[in-house]
Colleague: 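Supplied in structure tokens, the structure appears directly below.
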Amino acid sequence: MKSPLFIFSLPRSGSTLLQRVLMGHRDVCSLAEPWVLLPQIYALKEEGSLSEYSSVTAYYGIAGFLENLPKKKQDYMDSLSKFMTEIYSKQCKNGETYFLDKTPRYYHIIDEIFELFPDAKFIFLFRNPIHIYASIVNTWGDKRFRKLYSTYYDMINGFKLLSKGFTKHKNKSISLNYEDFIKDPTKELLKISKYLEIEFDDKILEHFSNQDTKGILGDPTGVKTYSSISSEGLNKWEQTFNSFIRKKYAFALMNKIDEEDFKAQNYSKTEILKSIKNLDNKKNGLIFIDLFDYFVSFVVRRTNLYLLVSKNFSWVKKKSFS
């Protein structure tokens with residue numbers, strides 16, 4: 001392996017499609033969503049983790065330990081870089097040039113990844129945020145405003161961090177918009193191939209559906225539904241926000257994102273808000289269901305109630321933290 005390759009994006013941005021296309025190239029290997037760098041980086045953060053052993057206490061212990069190293073934190077980062085390079089390399093069983101790590105929540109640690117791997121390659125993948133949220137509602141909310149507690153922060157904080165990361169590191173990375181990729185995948189693939197310094201192979205566009213990302217995490221729908229690249233689904237988001245309440249929520253959500261962050265990703269906030277305003281209200285029969293779902297989701301998100309009701313966090317009720 002020559003170096004890691006990272007895709008930075010929000011969830012439901014088409015990153016799995018891009019990943020599977022690139023996996024078809026003989027110089028690229030990949031595996032679902034690794035998430036491996038998040039716990040390593042967050043070991044150096046006082047906030048952001050919750051653990052049985054007390055993450056806050058661990059942070060202070062690790063910080064004190066690093067203070068006694070010759071180069072302090074830099075020694076940790078240097079060793080982590082070597083460790084992760086070795087782990088990534090072991091996934092490249094056929095001598096591929098790149099291991100592609102596609103983990104959407106890496107938008108939290110963009111700066112640290114650039115620091116760890118100064119010679120790596122970085123692709124920022126953007127998608128119209130209202131299209132993203134429509135996909136989130138349909139995929140994880142069963143077409144309703146429920147079970148969407150954490151994705152609210154993906155849309156608000158994640159979008160901002162992604163824009164900030166690209167603005168800061170654009171000289172060492174490339175960006176592409178999902179809409180451009182599915183309209184003219186050959187053109188975008190040529191740009192990526194040039195950036196990665198690998199031979200252009202348009203045949204990988206024909207066989208991406210055969211790529212097995214393995215692993216546990218990743219797109220739960222696209223890998224089963226789509227066998228070809230098409231722009232026919234670009235207007236599907238309109239079917240998700242086709243009621244009075246849903247239009248108002250979509251409009252309010254997009255208004256929480258700053259204009260400069262839209263511009264960084266090559267979108268117009270004005271045009272997106274206009275497209276929402278122009279939607280027809282065809283499904284106003286959903287008004288009571290939508291209001292109930294939104295209220296429950298809002299309360300659960302603001303109070304972190306999902307920590308008490310989720311089976312994944314049942315251990316929390318039996319522990320105390322310091």
Colleague: If you draw a 6.0 Å radius around NZ in Lys164, do more than 12 non-hydrogen atoms from other residues or ligands fall strictly inside?
Modeller: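 It does not: Lys164 NZ has 12 such atoms or fewer within range.
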
Colleague: Provide the closest heavy-atom pair for Ile62 versus Ala43 in the form atom of the first, atom of the second, distance.
Modeller: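 Scanning both residues, the minimum pair turns out to be CD1-O, 3.7 Å.
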
Colleague: Could you grab the distance from atom OG1 of Thr103 to atom CG of Leu37, nearest 0.5 Å is fine?
Modeller: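 One gets 7.5 Å once the value is rounded to the nearest 0.5 Å.
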
Colleague: Going hydrophobic residue to hydrophobic residue with side-chain gaps under 4.5 angstrom, can you get from Val28 over to Phe200?
Modeller: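 Per the 4.5 Å side-chain linkage, Val28 and Phe200 are co-clustered.
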
Colleague: Tell me whether Ile289 shares a hydrophobic cluster with Phe244, the cluster being built from Ile, Leu, Val, Met, Phe, Trp, Tyr side chains joined at under 4.5 Å.
Modeller: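 Result: no, two separate clusters.
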
Colleague: Could I get the full list of side chain to side chain donor-acceptor pair (under 3.5 Å) partners for Asp293, not counting sequence neighbours?
Modeller: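 For Asp293, the residues satisfying side chain to side chain donor-acceptor pair (under 3.5 Å) (neighbours in sequence not counted) are Arg144.
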
Colleague: Will you find, in the side chains of His108 and Asn157, an N or O donor that is under 3.5 Å from an N or O acceptor?
Modeller: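 No, no side-chain donor-acceptor pair sits under 3.5 Å.
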
Colleague: Please identify each residue that fulfils side chain to side chain contact (heavy atoms under 4.5 Å, CB included) with Lys277, with sequence neighbours left out.
Modeller: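 Side chain to side chain contact (heavy atoms under 4.5 Å, CB included) list for Lys277, sorted by chain: Phe251.
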
Colleague: Taking only residues two or more places apart in sequence, or in another chain, which ones meet Lys2 in a salt bridge (charged side-chain N to carboxylate O under 4.0 Å, His left out)?
Modeller: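 By the salt bridge (charged side-chain N to carboxylate O under 4.0 Å, His left out) rule, Lys2 matches Glu197.
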
Colleague: State, yes or no, whether a side-chain contact exists between Asp290 and Lys248 at a heavy-atom distance under 4.5 Å.
Modeller: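 No, too far: nothing below the 4.5 Å cut-off.
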
Colleague: Taking atom CZ of Arg105 and atom OG of Ser9, what is their separation to the nearest 0.5 Å?
Modeller: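 Output value for this atom pair is 11.0 Å.
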
Colleague: Do you know which two heavy atoms are closest between Met155 and Ile257, and how far apart they sit?
Modeller: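 Minimum heavy-atom separation between Met155 and Ile257: O-CD1, 3.8 Å.
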
Colleague: Only counting residues at least two apart or in another chain, list the ones meeting side chain to side chain donor-acceptor pair (under 3.5 Å) with Ser30.
Modeller: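 Per chain and number, Ser30 pairs via side chain to side chain donor-acceptor pair (under 3.5 Å) with Gln19.
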
Colleague: Around atom OH of Tyr153, are there more than 12 heavy atoms from other residues, nucleotides or ligands closer than 6.0 Å?
Modeller: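 Yes, the 6.0 Å shell around OH holds more than 12 heavy atoms from other groups.
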
Colleague: Out of curiosity, Ile87 CD1 to Met1 CE, how far, rounded to the nearest 0.5 Å?
Modeller: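 Those atoms lie 10.5 Å apart.
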
Colleague: Donor-acceptor pairs under 3.5 angstrom involving side-chain atoms of residues 64-74: please list them, not counting sequence neighbours.
Modeller:
| from | atom 1 | to | atom 2 | distance (Å) |
| --- | --- | --- | --- | --- |
| Asn68 | ND2 | Gly64 | O | 3.1 |
| Lys72 | NZ | Glu67 | O | 3.1 |
| Gln74 | NE2 | Asp78 | OD1 | 2.7 |

Colleague: Pairs of donor and acceptor atoms involving the side chains of residues 123-136, under 3.5 Å and at least two apart or interchain, shall be tabulated with distances.
Modeller:
| from | atom 1 | to | atom 2 | distance (Å) |
| --- | --- | --- | --- | --- |
| Arg127 | NH1 | Arg12 | O | 2.8 |
| Asn128 | OD1 | Ile130 | N | 3.1 |
| His131 | NE2 | Trp237 | NE1 | 3.2 |
| Tyr133 | OH | Tyr249 | OH | 3.4 |
| Ser135 | OG | Arg12 | NE | 2.8 |
| Ser135 | OG | Arg12 | NH2 | 3.2 |

Colleague: Should the pair Glu199-Arg26 be classified as a salt bridge under the 4.0 Å nitrogen-to-oxygen rule?
Modeller: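 So Glu199 pairs with Arg26 through a salt bridge.
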
Colleague: Grab the two heavy atoms, one from Tyr76 and one from Gln40, that are nearest each other, plus how far apart they are.
Modeller: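 Looks like OH-O, 2.8 Å.
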
Colleague: Lys102 and Thr16: side-chain donor and acceptor closer than 3.5 Å?
Modeller: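 Short answer, yes.
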
Colleague: Can you sort out the partners of Phe159 under ring pair (Phe, Tyr, Trp, His ring centres under 6.0 Å), two or more places apart, ordered by chain and number?
Modeller: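 Here the qualifying residues are Phe262.
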
Colleague: Quick one: closest heavy-atom pair of Pro185 and Leu205, and the distance?
Modeller: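 Heavy-atom minimum between the residues: CB-CD2, 3.8 Å.
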
Colleague: Return the set of residues passing side chain to side chain contact (heavy atoms under 4.5 Å, CB included) with Ser268 (not counting sequence neighbours), or none when no residue passes.
Modeller: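 Result, side chain to side chain contact (heavy atoms under 4.5 Å, CB included) vs Ser268: Thr270, Glu271.
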
Colleague: Would you compute the distance between atom OH of Tyr106 and atom CG of Leu162 and round it to the nearest 0.5 angstrom?
Modeller: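 One gets 15.0 Å once the value is rounded to the nearest 0.5 Å.
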
Colleague: Are there over 12 heavy-atom neighbours, none belonging to Lys194, within less than 6.0 Å of that residue's NZ?
Modeller: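 Not buried by this count: 12 neighbours or fewer within 6.0 Å.
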
Colleague: Identify, with sequence neighbours excluded, every residue that meets side chain to side chain contact (heavy atoms under 4.5 Å, CB included) alongside Ile182.
Modeller: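 Leu17, Tyr178, Ile229, Ser231, Leu234.
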
Colleague: So, Ser243 side chain and Arg246 main chain: donor-acceptor pair closer than 3.5 Å or not?
Modeller: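 Present.
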
Colleague: Tell me the closest heavy-atom pair linking Pro34 and Ala32, and the distance in Å.
Modeller: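 Smallest interatomic distance, heavy atoms only, reads CD-O, 3.7 Å.
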
Colleague: Is it the case that one hydrophobic cluster holds both Phe241 and Phe288, taking links as side-chain heavy atoms less than 4.5 Å apart, direct or via other members?
Modeller: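 Cluster IDs for Phe241 and Phe288 differ.
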
Colleague: Tell me, please, which residues at least two apart from Gln211 pass side chain to side chain donor-acceptor pair (under 3.5 Å).
Modeller: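 Here no residue qualifies.
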
Colleague: Same cluster or not: Phe292 versus Phe295, using hydrophobic residues (I, L, V, M, F, W, Y) connected whenever any side-chain heavy atoms lie under 4.5 Å apart?
Modeller: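 Looking at the clustering, Phe295 is in the same group as Phe292.
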
Colleague: Salt bridge between Asp261 and Lys269, side-chain N to carboxylate O under 4.0 Å?
Modeller: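 Salt bridge: no.
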
Colleague: Indicate yes or no: at least one non-hydrogen side-chain atom of Lys143 is less than 4.5 angstrom from one of Asn138.
Modeller: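 The answer is yes, as the side chains (C-beta and beyond) meet within the 4.5 Å cut-off.
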
Colleague: Phe99 versus Pro4: any side-chain heavy-atom pair under 4.5 Å?
Modeller: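 No, too far: nothing below the 4.5 Å cut-off.
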
Colleague: When rounded to the nearest 0.5 angstrom, what is the spacing between CG in Leu161 and NZ in Lys168?
Modeller: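 Separation between the atoms: 11.5 Å.
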
Colleague: With the side chain counted from C-beta on, respond yes when Leu44 and Met77 share a heavy-atom pair under 4.5 Å apart, and no when they do not.
Modeller: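 Yes, their side chains come closer than 4.5 Å.
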
Colleague: Would you call Leu189 and Ile204 a side-chain contact if the rule is heavy atoms closer than 4.5 Å?
Modeller: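 Leu189 reaches Ile204 side chain to side chain.
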
Colleague: When you check the gap from the basic side-chain N to the acidic O, do Glu86 and Lys90 get nearer than 4.0 Å?
Modeller: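 Judged by the 4.0 Å cut-off on N to carboxylate O distance, Glu86 and Lys90 do form a salt bridge.
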
Colleague: Treating Ile, Leu, Val, Met, Phe, Trp and Tyr as nodes and any side-chain heavy-atom pair under 4.5 angstrom as an edge, say whether Leu176 and Leu10 lie in one connected cluster.
Modeller: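 Both belong to a single hydrophobic cluster.
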
Colleague: For the residue pair Tyr60 and Val56, establish whether any side-chain heavy-atom pair is separated by less than 4.5 Å.
Modeller: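 Of all side-chain heavy-atom pairs linking Val56 with Tyr60, at least one is under 4.5 Å.
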
Colleague: Starting from the C-alpha separation in whole Å, work towards a yes-or-no answer on salt bridge (charged side-chain N to carboxylate O under 4.0 Å, His left out) for Lys203 and Glu206.
Modeller: CA-CA 5 Å; Lys203 292 182 180 179; Glu206 303 171 8; over 6 Å; no

Colleague: Please examine the side chains of Tyr42 and Ile109, heavy atoms only from C-beta on, and report whether any two atoms are closer than 4.5 Å.
Modeller: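 SC-SC contact between Ile109 and Tyr42 confirmed.
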
Colleague: If the condition is side chain to side chain contact (heavy atoms under 4.5 Å, CB included), which residues does Lys256 pass it with, not counting sequence neighbours?
Modeller: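 Counting only residues at least two positions away or on another chain, Lys256 forms a side chain to side chain contact (heavy atoms under 4.5 Å, CB included) with Tyr152, Ile156.
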
Colleague: How would you list, by chain and number, every residue that makes a side chain to side chain donor-acceptor pair (under 3.5 Å) with Ser173, sequence neighbours excluded?
Modeller: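 Side chain to side chain donor-acceptor pair (under 3.5 Å) check on Ser173 returns nothing, list empty.
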
Colleague: Using the ring pair (Phe, Tyr, Trp, His ring centres under 6.0 Å) definition, which of the options Phe166, Phe114, Tyr98, Phe117 pairs with Phe122?
Modeller: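 Among Phe166, Phe114, Tyr98, Phe117, the one meeting ring pair (Phe, Tyr, Trp, His ring centres under 6.0 Å) with Phe122 is Phe114.
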
Colleague: Salt bridge check: are Glu260 and Lys263 linked by an N-O gap of less than 4.0 Å?
Modeller: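 Between Lys263 and Glu260 there is no salt bridge, as every charged N stays at least 4.0 Å from the carboxylate O atoms.
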
Colleague: Ignoring hydrogens, what is the shortest heavy-atom contact between Phe145 and Ser297? Give both atom names and the distance.
Modeller: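 Taking every non-hydrogen atom into account, O-CB, 3.8 Å.
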
Colleague: Roughly how far, to the nearest 0.5 Å, is CG of Leu190 from CG of Asp184?
Modeller: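 Between Asp184 CG and Leu190 CG, I get 9.0 Å after rounding to 0.5 Å.
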
Colleague: Do any N or O atoms from the side chain of Asn242 and from the backbone of Leu279 form a donor-acceptor pair under 3.5 angstrom?
Modeller: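 Here the side-chain-to-backbone pair does not exist.
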
Colleague: Taking it one step at a time, do Thr97 and Leu5 satisfy side-chain contact (heavy atoms from CB on, under 4.5 Å)?
Modeller: CA-CA 9 Å; Thr97 303; Leu5 164 63; over 6 Å; no

Colleague: Does Leu100 offer a backbone N or O that forms a donor-acceptor pair with the side chain of Lys121 under 3.5 Å?
Modeller: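 No, Lys121 side chain to Leu100 backbone: no donor-acceptor pair under 3.5 Å.
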
Colleague: If we only count heavy atoms from C-beta on, is the Arg146 to Val296 side-chain gap below 4.5 Å?
Modeller: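 They are not in side-chain contact.
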
